[in-house]
Amino acid sequence: MLFMRLELNQSNTRPRRVTEIITLVWNWAMTMTEATQRAGFEILGREDFSELTYALVIHHPLMARAARPGQFVIAMSHEAGERIPLTIADFDRKNGTITLVIQAVGKTTKEMQQTCKVGTALYALVGPMGVPSPVGAARKVVCVGGGLGVAPIFPQARGFKEHGAYVIGVLGFRTEKLIFWREKFNACCDELILCTDDGSAGLKGFVSNGIELAVSRHRDIDEVVAIGPPLMMKACAETTRPHAIKTVVSLNPIMVDGTGMCGGCRVKVGDQVKFACVDGPDFDGHKVDFSDLMMRLRRYAAEEKTAMRRWSENCRMKDHVGSAAREPQLPAQLAPDLMSELLELPDPIDDVLGG
Amino acid sequence: MAKKKTIRTIPQQRTPMREQPAHERVKNFAEVACGYSAENALREAERCLLCPDQPCVDGCPVGIDIPGFIRKLGEKDVRGAYDTLTATNLLPAICGRVCPQESQCEGVCTVGDSLEPVAIGRLERWLGDTAIAEGWVNIPYIEPNEFKIGIVGSGPAGVACAAEMAKAGCEVVVYEAFHRPGGVLRYGIPDFRLPNDVIDAEVNNLSRLGVKFECNTLVGRLFTIEQMIDEMGFDAVFIATGAGYPTMLGIPGDSLNGVLSANELLTRCNLMRAKEFPNYDTPMPIERHVAVIGAGNTAMDAMRVCLRLGAEKVHCIYRRSRTECPARAEEVHHAEEEGVEFHWLTNPVAILDDGSGGVRGMRCIRMELGEPDDSGRRRPIPVPSSEQEFEIDLVVFAIGTNANPIIGQTSELRLDKRGYIEVDEHLATSMAGVFAGGDIVTGAATVIEAMGAGRKAARSIKNYLRIRDCSRDYGTEGKFGAGMLFGLGLGEQNFARVRVG
């Protein structure tokens, strides 16, 4: 009985004090978590390839470790932003970074071009998403990247090379000035075929011409992997169809969550409906219904235009009001005229490969 | 001692809850039901007979001590009532709003045999809201142990399990793929039913219990379940990823622009705040005539969101009759008040193209009810040559969900034929230390059923880790009774946490 009393007395007081301490510690821990959350995902490096294309190097050691060729992320630049899918263009396990290559074509990507500087952070970044591309089996592959597809094809080319395949790179740009990552591709491709629309570098013509060239040189190609705007991927699939070469395309339709929950990214492949985010993003190019994909990509074209117009008006107003106090500006901002030119949006199907 | 209450002496009418009038609320996202005042709540508490059978406790999937908290309310001990309630349910403000009480606690209420049942849900909600307003938190003294628990998904099942495990003294980390925690509570349930502030407050309470929320983390892809156990030092993992993979219509025209899943509509509107476009970047254009296919709670939410986003006419297309409709009665009633047009016994056959990839209309067929099917509901059969066309510009389908495939794709866990995770009666999966519950096991169900699964999983995890609960409660003398030894109860409640074996 006495023992019980004793313990009762002790424990009547002790937990209360401990609770207080624990509460203090928790409050502190919570402020700490909030602080780290506010920090988001830090941008360690940035490179501008042209007026429209830029690369962001983002600190995320866990994702750098997990990422495989062909996977993508969903990023939000700020709390009120939209979730945009971007293919992982490179990952560096040693330094714990991933690289995203972004083309400024819509409101969000243009805004990111202005705000995402070294030292700032993305509000949200989740991934790696999607089924990784199998890079182990093929012995001789053609890796095709057109426009925005150039950066995302890089991890695949490197992956194939690491697995001992003979890699033929086919890269398409509009003109010589826009070429980037040439050395990176040279390092992982056994052959590199450059194509430019105006013939200023390499082959004059489209990537499909490059594929023709590769096919004429090599009779034993196991696989063609093509990433780029839907029209380009369609052209690639049509080029390889007569040769019956397995052709994989990476689709990037409109997504919200990227975890198979909304169904917004559904695509028709053969007679099936697939979700690009969890069943893809890689599909058999000979079976994909590209016209369905292109139609669905135009779903929010009107709203995108509204957002774009409103945003660029805001930008111009800010330019007008506070140009003195501004930080060093980026190319797009320096030329307000360019902004108004860009108001006429490119067809949304051109910007599907956000990165 | 007050006179014993009988069915004759209690207030005969259920205390009404103030609601925004239908014509006003369709223009805003504020809550439809405004909640009880303190007087309302105390009056409604009077209606409980405190009957000895307590059918309501059995009716509740998590077994809340309903008469217990109502008795405290009757004694005007609001804090005490809150403490009793939160002993079982840490999210009263959420459950009071979203549980289908009429088929659970209120459905079996003794008062309900002859009068309207006690408004248990409204009382629960009032207590939850009062606690949030007053800043009450119950942080019990928790003796930490060395166990680390990983929870995949911050929806209702995940948070229920997280709360239990944190109270047991474990270090708990909850992973969420979205940028804000809450799962379906956040992305699925609209503000006018469950305001974001309420979710924030309840999530905050869990954080104060020591639960850590890690957003922007897609488990399975960023790291696998196997890695959580083998490399990241988790002693047990609970998978609560939900169903969430929307079922497609599978009729001609279902890939047209202007055909989308209720999940997409609701996520855009609730989580991404499309209703505030262009201040928020995510758009959700609503056309004039909307058809929502299905008549579950998700369908009701989708329809009412469409009305608030400016739709002129919203049709509900359901192939069975009103009797079989799975939504909460209150939701159907609200949707009706707000002007949704219901078409019972109607099934879509085709969605019509407007020539430029959009929707022009929908062709539907009349149905009639035949013999009961596996689900016990009467099977709908098409009536020949009864097709009719609706003029529609937006089609939202809310016809159920399938299992989310990501965990299945990335782990060795055994799945059933339909892709759901296979578990035994203790919610243990085929992998040691890994448990699963909620929609990813049962298929789409309700918030409270998922929370029930979360609590059940927590019990199993404690068993698996040989954790005994230790909420040493040195209360008043009166609490000590039979079965005590040196002030320690012989029941599981009072043993120190030790790992044996």
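Computed from a predicted structure; not experimentally measured. Residue numbering restarts at 1 for every chain, and letters A, B, ... go by the order of the sequence lines. Only this structure's heavy atoms are used, side chains among them; waters, hydrogens and symmetry mates stay out.
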Minimum heavy-atom distance B:P405-A:V278, with the two atoms named: CG-CG2, 3.8 Å
Which portion of A:D257 sits near chain B, non-hydrogen atoms under 4.5 angstrom: both
Side chain / backbone / both / neither for A:R65 at chain B, heavy atoms under 4.5 Å: side chain
A:L125 portion near chain B, given a 4.5 angstrom heavy-atom threshold: backbone
Closest contact, heavy atoms only, A:G127 versus B:L222: O-CD1, 3.3 Å
A:Y300 six-ring centre to B:R268 NZ/CZ under 6.0 Å and within 45° of normal: yes
Max heavy-atom pair count under 4.5 Å with chain A, selected residue of B:P285, B:P283, B:A177: B:P285
Close side-chain approach of A:M261 and B:F178, heavy atoms under 4.5 Å: yes
Portion of A:I84 that has a non-hydrogen atom of chain B nearer than 4.5 angstrom: neither
Side-chain donor or acceptor of B:R273 paired with backbone N/O of A:A80 under 3.5 Å: no
Max heavy-atom pair count under 4.5 Å with chain A, selected residue of B:F277, B:Y245, B:Y280: B:Y245
When A:M63, A:E79, A:E82 are compared by non-hydrogen pairs under 4.5 Å with chain B, the top option: A:E82
B:P246 vs A:F275 side-chain heavy atoms within contact, under 4.5 Å: yes
Most contacts with chain B, counted as non-hydrogen pairs under 4.5 angstrom, among A:P128, A:G258, A:A302, A:A307: A:P128
Heavy-atom pair with the smallest gap, counting every atom of A:G263 and B:E264: C-OE1, 4.3 Å
Member of A:T259, A:V73, A:I74 meeting the side-chain contact (heavy atoms from CB on, under 4.5 Å) criterion with B:L218: A:T259
Heavy-atom contact with chain A under 4.5 Å, split by part of B:N402: neither
Spacing of CG belonging to B:L256 relative to CZ belonging to A:R296, to within rounding of 0.5 Å: 8.5 Å
Contact class of B:E276 relative to chain A, heavy atoms under 4.5 angstrom: neither
Flag side-chain contact, heavy atom, 4.5 Å: B:S261 against A:R266: no
Engaged part of A:R299 at the chain B interface, taking heavy atoms whose separation is under 4.5 Å: both
Side-chain donor or acceptor of B:N257 paired with backbone N/O of A:R298 under 3.5 Å: no
Check against side chain to side chain contact (heavy atoms under 4.5 Å, CB included), A:R83 and B:T282: CA-CA 8 Å; A:R83 294 170 68 87; B:T282 307; over 6 Å; no
Structural part of A:V131 lying under 4.5 Å from a heavy atom of chain B: both
CG-SG distance between B:L260 and A:C262, expressed to the nearest 0.5 angstrom: 8.5 Å
A:D292 to B:S255 - nearest heavy-atom pair and separation: OD1-OG, 3.0 Å
For the student: nearest non-hydrogen atoms of B:H179 and A:A124, plus distance: CB-CB, 3.8 Å
A:R310 portion near chain B, given a 4.5 angstrom heavy-atom threshold: side chain
Closest non-hydrogen atom pair between B:T267 and A:V256, with its separation: CG2-CG1, 3.8 Å
Between CG on residue B:N216 and CE on residue A:M76, distance to nearest 0.5 Å: 9.0 Å
